[in-house]
Amino acid sequence: MFRKILIANRGEIAVRLLRACREMGIGAVAVFSEADRVALHVRLASEAYAIGPAPSSESYLRIDRLMEVAKRAGCDALHPGYGFLAENPALARACAKHGVTFIGPSPEAMERLGSKTGARQLARQAGVQAVPGTLEPIASLQAARAAAEEAGYPIVLKAVSGGGGKGMRLVSTEKELAGAWRDAQSEAENAFGDGRLYLEKYLVAPRHIEIQVFGDIHGHMVYLGERECSVQRRHQKVIEEAPSPVMDAALRSRMGEAAVKLARVGGYTNAGTVEFLVDAQRNFYFLEVNTRLQVEHPVTEMVTGLDLVKLQIRVAAGEPLPFAQADVAMRGHAMECRIYAEDPGNNFFPSPGKIQTQRTPAGPGIRLDEGVYAGWTVPNDYDPLLAKLIAFGSDRDEAAARMRSALAEYFIGGIETNLEMFRRIFNHPDFLRAELHTRWLDEWLARGALGTTREESKAEDAAAIAVALWQLSQSSQAAMAPGNAAPPADGSRWKRAAIQEQVDRAPRK
Amino acid sequence: MFRKILIANRGEIAVRLLRACREMGIGAVAVFSEADRVALHVRLASEAYAIGPAPSSESYLRIDRLMEVAKRAGCDALHPGYGFLAENPALARACAKHGVTFIGPSPEAMERLGSKTGARQLARQAGVQAVPGTLEPIASLQAARAAAEEAGYPIVLKAVSGGGGKGMRLVSTEKELAGAWRDAQSEAENAFGDGRLYLEKYLVAPRHIEIQVFGDIHGHMVYLGERECSVQRRHQKVIEEAPSPVMDAALRSRMGEAAVKLARVGGYTNAGTVEFLVDAQRNFYFLEVNTRLQVEHPVTEMVTGLDLVKLQIRVAAGEPLPFAQADVAMRGHAMECRIYAEDPGNNFFPSPGKIQTQRTPAGPGIRLDEGVYAGWTVPNDYDPLLAKLIAFGSDRDEAAARMRSALAEYFIGGIETNLEMFRRIFNHPDFLRAELHTRWLDEWLARGALGTTREESKAEDAAAIAVALWQLSQSSQAAMAPGNAAPPADGSRWKRAAIQEQVDRAPRK
Amino acid sequence: METSSNSGAGGPRSPEIKNGLKLKLKIGEKTREVEMVREGEIARWRLDGRAVEVNAIEIAAGTYSILLEGQAFEVHLAQEAGGLRAEVSAGEGVQTVRVKLVDPRAWQGRHGHTVEVEGRLQILAPMPGKIVRVLVKQGDAVSAGQGIAVIEAMKMQNEVRSRKTGIIERVMVAEGKTVNAGEVVAVVV
Amino acid sequence: METSSNSGAGGPRSPEIKNGLKLKLKIGEKTREVEMVREGEIARWRLDGRAVEVNAIEIAAGTYSILLEGQAFEVHLAQEAGGLRAEVSAGEGVQTVRVKLVDPRAWQGRHGHTVEVEGRLQILAPMPGKIVRVLVKQGDAVSAGQGIAVIEAMKMQNEVRSRKTGIIERVMVAEGKTVNAGEVVAVVV
């Protein structure tokens with residue numbers, strides 16, 4: 001087993017990784033930028049080194065500095081977490097060169113499966129159906145017609161150089177194709193100087209369901225069930241759950257076996273995720289592979305009882321997977337909310353700054369993977385993920401009830417967060433009935449979901465009283481300034497202690 | 001289902017109960033003494049009422065005030081938690097009289113099974129073996145000889161009015177009996193004015209193992225596995241775990257069936273615990289019944305996946321148990337540490353006071369059932385239990401590793417706690433090998449376990465540096481007082497921000 | 001401001017401060033009146049003239065526990081431009097309530113959170129970040145809604161806009177500079 | 001106290017404060033010397049004359065993060081009778097280190113935590129609680145180890161004892177009174 005692992009990341013995932021190391025009795029070496037000197041992952045580490053200024057290009061993305069720290073601290077392994085350099089084969093290669101084990105797949109497997117086109121080709125080899133269509137530019141309208149026929153309508157035309165919806169056209173029937181082809185081509189030409197188009201089957205209200213795979217270096221490969229991540233805002237997952245509410249044993253084993261087959265073809269080892277879109281008829285289409293630990297790995301941990309990070313470390317150290325596919329058992333249901341420093345009331349604009357006060361949820365079934373603490377200033381330089389709130393229950397209803405309850409306890413003061421959005425989602429009938437698809441949240445937000453304020457006059461009364469107390473303490477501070485008469489003996493009590501009304505009908509004798 | 005439940009308790013268990021209510025969409029009404037106005041259970045409640053001054057005899061033990069609150073707030077049920085009035089049939093009767101459902105057994109079952117002697121008689125009826133001996137006073141040395149013969153040596157003589165070891169004698173063979181009888185009798189006479197003795201079989205190094213039972217009002221009764229609570233300080237449990245490391249399926253079903261039989265004989269409903277002592281040959285002896293939820297119920301929740309409090313509420317509302325004995329499945333291993341405000345360095349004397357700072361553990365497998373928060377003043381008037389730290393893992397080793405890791409993260413500043421004792425226990429080979437018995441901790445503490453300080457000069461270096469920084473901030477505060485030269489432009493930075501040495505060998509370019 | 005505390009800082013402690021306060025607030029479109037009278041150990045509260053049973057206490061700076069006829073609320077107060085923002089947690093969730101004191105000038109004058117004083121509008125940074133572009137200069141005419149500067153935070157950019165039509169009296173920031181939330185970006189007259 | 005800060009409160013800011021400090025401490029039986037010299041942005045530290053690489057910062061009042069040759073410690077400081085108590089968290093656990101400043105009089109004088117000054121010993125309450133019995137009265141002779149008062153906390157009682165032989169100059173508590181930790185119970189001369 002390793003002696004010391006370099007945690008080449010920050011925030012909640014760095015905290016998660018160093019907890020795994022501590023459990024295993026392995027030294028965990030943290031790195032930090034100038035903005036992160038007192039970040040939680042540094043506070044909880046047993047060893048920590050500065051690697052540069054705040055911008056990640058000068059710190060967390062600097063492979064040379066990571067290697068210097070690894071050498072200085074005597075690390076024999078490195079865990080990249082997710083984001084930053086996690087899917088960069090150059091880091092894995094640098095590790096190999098410096099005699100440091102990279103905890104993840106080989107750089108070759110990362111390259112094979114990490115690129116969208118490469119992975120699609122491998123999927124074809126493995127007999128795994130990708131979203132029908134082609135990622136290659138289409139030469140002509142005639143070719144487009146043939147490809148659309150093959151994929152089946154509706155299809156969507158997309159600009160090869162595109163993004164942001166420009167040069168994109170939804171085509172429902174063959175009759176619309178020629179007009180759409182023309183329009184999309186000229187729009188793409190104007191927007192990107194590149195009129196080339198490609199074509200994909202348009203899935204109506206698809207669900208995002210992904211399979212966690214795990215392989216050791218001895219040729220064993222398993223799948224650890226699925227996660228449904230259909231609640232997304234602008235293609236960014238915000239809620240994940242396991243199992244998927246639409247899954248049954250047969251579909252799970254078909255999708256799991258497809259994912260394992262693809263990973264095998266790619267020569268994959270360690271933890272990886274194969275993402276699929278699933279349509280209303282429960283056909284599944286391969287999307288892409290994430291060649292790393294996922295943000296949402298905790299929901300799989302909760303239902304399988306496995307610790308994926310410790311498993312990653314063991315597998316990277318050359319140990320065989322300690323179980324077979326048949327041993328993987330799921331119990332209960334788990335959900336995760338990604339708590340971001342962003343302002344839902346202001347177009348989800350990021351909201352860094354000092355966390356003035358925090359009340360964090362806890363109790364049965366609640367796990368909080370946090371990267372921040374009250375009193376810390378969330379820096380301006382990184383991803384706004386503050387914490388992941390995870391709820392486990394014996395079934396989906398119980399998990400959702402626990403999440404709703406935990407969201408009611410959770411308070412973060414001083415910065416804006418998306419907590420209120422989650423509170424509303426967890427009261428939405430669509431969500432509670434699991435009638436979800438990847439555009440559900442965007443559509444709901446577009447209908448002004450967060451604009452409608454709940455009318456709660458009692459809460460307003462409470463606010464008014466609090467403001468009165470605040471006003472009183474402001475006044476008494478002023479009154480206690482030098483030059484005034486001495487405050488009465490009970491002055492401090494007056495300010496901070498209970499201001500109570502002991503009315504007759506209160507239960508007291 | 002109930003509309004509103006009165007939580008007739010305080011501290012972590014009140015928080016636990018109101019979380020269950022919130023999950024179920026049931027209103028939770030908190031009560032508080034004057035010392036608890038801003039206690040965590042009041043902060044998290046949706047409704048709260050004062051019930052009197054700090055002493056529990058004037059607040060939490062006042063049945064009349066609880067009934068007044070129930071009436072005023074419109075509660076249709078009451079949960080007593082544990083401690084205070086939880087095992088007092090008078091509360092259950094008062095509830096019945098006021099039309100409030102008591103969440104627990106009937107007062108009659110409570111009386112039948114709650115008294116040590118009564119429960120022993122029922123155990124005999126049910127064919128469950130109690131610790132051999134008699135709780136009745138023994139008339140003469142002759143009668144003692146016969147009783148000792150029946151129980152089997154070694155036996156222990158105990159004073160009927162006794163306590164604190166006075167009038168107690170361990171007797172290993174029949175030859176020692178007469179002398180011990182004389183000595184114990186006169187010692188008891190002197191100490192308590194009552195020379196009467198009773199006799200029990202002395203179990204060498206017994207383990208404390210208890211069975212969680214659960215019955216509904218429709219005659220269904222199940223057991224939910226066991227908890228081992230052998231780590232005790234002065235007969236007070238401090239660590240509990242499930243399953244017991246010495247348990248196997250056969251013994252579990254024998255003990256479980258014995259517990260269920262006893263509970264049935266007593267007409268028991270709702271959650272209860274049947275405590276046993278288990279000797280080295282794995283014979284088990286009935287000890288007593290706790291007619292309420294146990295402090296240590298979370299470890300059962302972690303391994304069974306059940307929520308015992310929600311189950312209590314459902315059963316009290318008349319619902320049938322939603323599963324049969326065969327459906328109860330255990331997975332993994334859970335452990336709990338009871339974190340107390342007490343000073344292990346000062347004879348475990350209680351340490352109330354203000355919690356100045358807190359760093360609480362979290363992460364995979366960690367659950368913290370807390371009753372306090374940073375900034376709160378732990379009152380002087382109640383039990384010193386601050387929180388229960390619970391760790392779950394796929395096996396005992398993983399649970400222990402997670403607990404050890406969580407204990408390393410956990411810091412409570414401003415008051416003394418027993419955290420350091422747990423850190424040491426979780427590094428003790430006896431504990432890690434589960435070679436435990438009910439006197440293990442007392443014996444280890446008596447050998448001066450906590451006196452030996454670990455020699456860690458690096459920690460001393462860190463302390464010295466921190467004191468230097470502190471000294472510096474004291475000085476600069478003094479220097480910034482009126483009458484001094486203005487502080488330099490970087491004065492505040494000097495005080496609070498990083499004081500860094502950027503030496504050449506640091507990995508930076 | 002019609003409150004007893006209005007006797008002002010530095011003046012003698014008025015008897016009203018000792019015995020209670022009366023305050024007019026604006027929440028949404030409604031004007032609310034809060035009154036508290038102290039009788040010995042006991043505080044009696046009225047909301048809009050109606051007597052209510054209140055047990056209120058400050059738990060930590062800016063955090064209040066309010067028991068209102070038994071119902072429990074936890075209120076976190078933060079000052080923001082033009083008033084106070086109250087995050088009110090009840091058992092079931094958290095709600096944001098924006099509260100303005102009815103005579104904001106008096107209050108703002110005391111706490112330095114001026115927004116518009118004597119026709120001068122201070123444009124405040126809505127969030128901390130780095131100024132990546134300044135879109136106006138001193139003397140420029142601007143219309144309501146026009147962009148003043150672009151702030152970048154956490155890899156996203158957002159425009160700060162004027163809320164009135166007027167002339168830029170002063171630009172307080174420079175490109176590349178870091179600003180805190182509430183910091184003045186520019187003054188429009 | 002051999003530290004640059006010894007120029008004292010109220011005096012002019014000495015150049016030593018700006019440029020560093022030198023401090024003698026006692027930890028257990030060992031006397032330790034901490035020295036810090038500031039060079040621009042950089043602080044250079046020496047422990048007992050040996051140069052060490054330190055990156056140290058105050059996270060919150062009394063809480064410090066210390067990186068010592070890369071090893072990470074979090075130190076929580078609390079004043080206690082006669083010195084400071086440091087709870088030092090490293091990755092693997094927490095250790096208590098008691099630190100005394102070598103000339104406690106100077107330090108105590110500044111911070112008011114006098115314990116023994118000019119032959120007067122203040123007996124402090126070791127924990128908060130209620131005085132259930134006072135065992136001595138003014139003028140009584142007491143020997144070291146003799147009980148002064150009994151404090152009850154969380155249903156348990158504990159005796160406060162004199163740490164020197166002498167005469168009770170004054171008893172500061174009464175039966176039934178509540179005391180805080182560190183509060184003076186009696187003065188022995």
Notebook entry, point to check: Is the shortest heavy-atom distance from the side chain of A:V69 to the side chain of A:K71 under 4.5 Å?
Noted result: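 Result no, sub-4.5 Å side-chain heavy-atom pair not found.
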Notebook entry, point to check: So do the side chains of A:L308 and A:L224 get within less than 4.5 Å of each other, counting heavy atoms only?
Noted result: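 With C-beta onward as the side chain, the pair touches.
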At a heavy-atom distance under 4.5 Å, which candidate from [options] has the highest pair count against chain B?
options                        : value
A:L66, A:D307, A:L368, A:L306  : A:D307
A:M302, A:E370, A:E398         : A:E398
A:A401, A:G305, A:A329, A:A362 : A:A362
A:G363, A:P361, A:P364, A:S394 : A:P364

Notebook entry, point to check: What residues form a ring pair (Phe, Tyr, Trp, His ring centres under 6.0 Å) with B:Y60, not counting sequence neighbours?
Noted result: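 Once residues adjacent in sequence are excluded, the partners of B:Y60 under the ring pair (Phe, Tyr, Trp, His ring centres under 6.0 Å) criterion are B:F84, B:Y382.
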Notebook entry, point to check: chain B heavy atoms under 4.5 Å from A:K310: which part of the residue, side chain, backbone, both or neither?
Noted result: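 For A:K310, the side chain is the part near chain B, not the backbone.
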May I ask you to check if [X] and [Y] form a cation-pi contact, with NZ or CZ under 6.0 angstrom from the six-membered ring centre and within 45° of the axis?
X      : Y      : answer
B:R37  : B:F32  : yes
B:R404 : B:F426 : no
A:R43  : A:Y373 : yes

Checking heavy atoms, do the side chain of [X], its backbone, both or neither come under 4.5 Å from chain A?
X      : result
B:T304 : backbone
B:P298 : neither
B:R331 : both

Note to self: So, taking the atom named CD in B:E68 and the one named CZ in B:R62, what distance separates them when rounded to the nearest 0.5 Å?
What the structure shows: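 Rounded to the nearest 0.5 Å, the CD-CZ separation comes out at 8.0 Å.
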Check: At what distance, to the nearest 0.5 angstrom, does CD1 of A:I7 lie from CG of A:L44?
Finding: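 If we round to the nearest 0.5 Å, A:I7:CD1 and A:L44:CG are 12.0 Å apart.
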Next item on the list: Work out which heavy atom in B:A94 is nearest to a heavy atom in B:M67; give both atom names and the distance.
Entry: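 Looking at all heavy atoms of both residues, the shortest contact is O-SD, 3.7 Å.
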Notebook entry, point to check: Are A:L17 and A:I313 close enough, and set up right, to give a side-chain contact (heavy atoms from CB on, under 4.5 Å), and what steps lead you there?
Noted result: CA-CA 10 Å; A:L17 299 177; A:I313 294 171; over 6 Å; no
Item checked: Residues of residues 19-26 of chain A contacting chain B, heavy-atom criterion under 4.5 Å, by residue number ->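 If one takes a 4.5 Å heavy-atom cut-off, the residues of residues 19-26 of chain A near chain B are A:R19, A:R22, A:E23.
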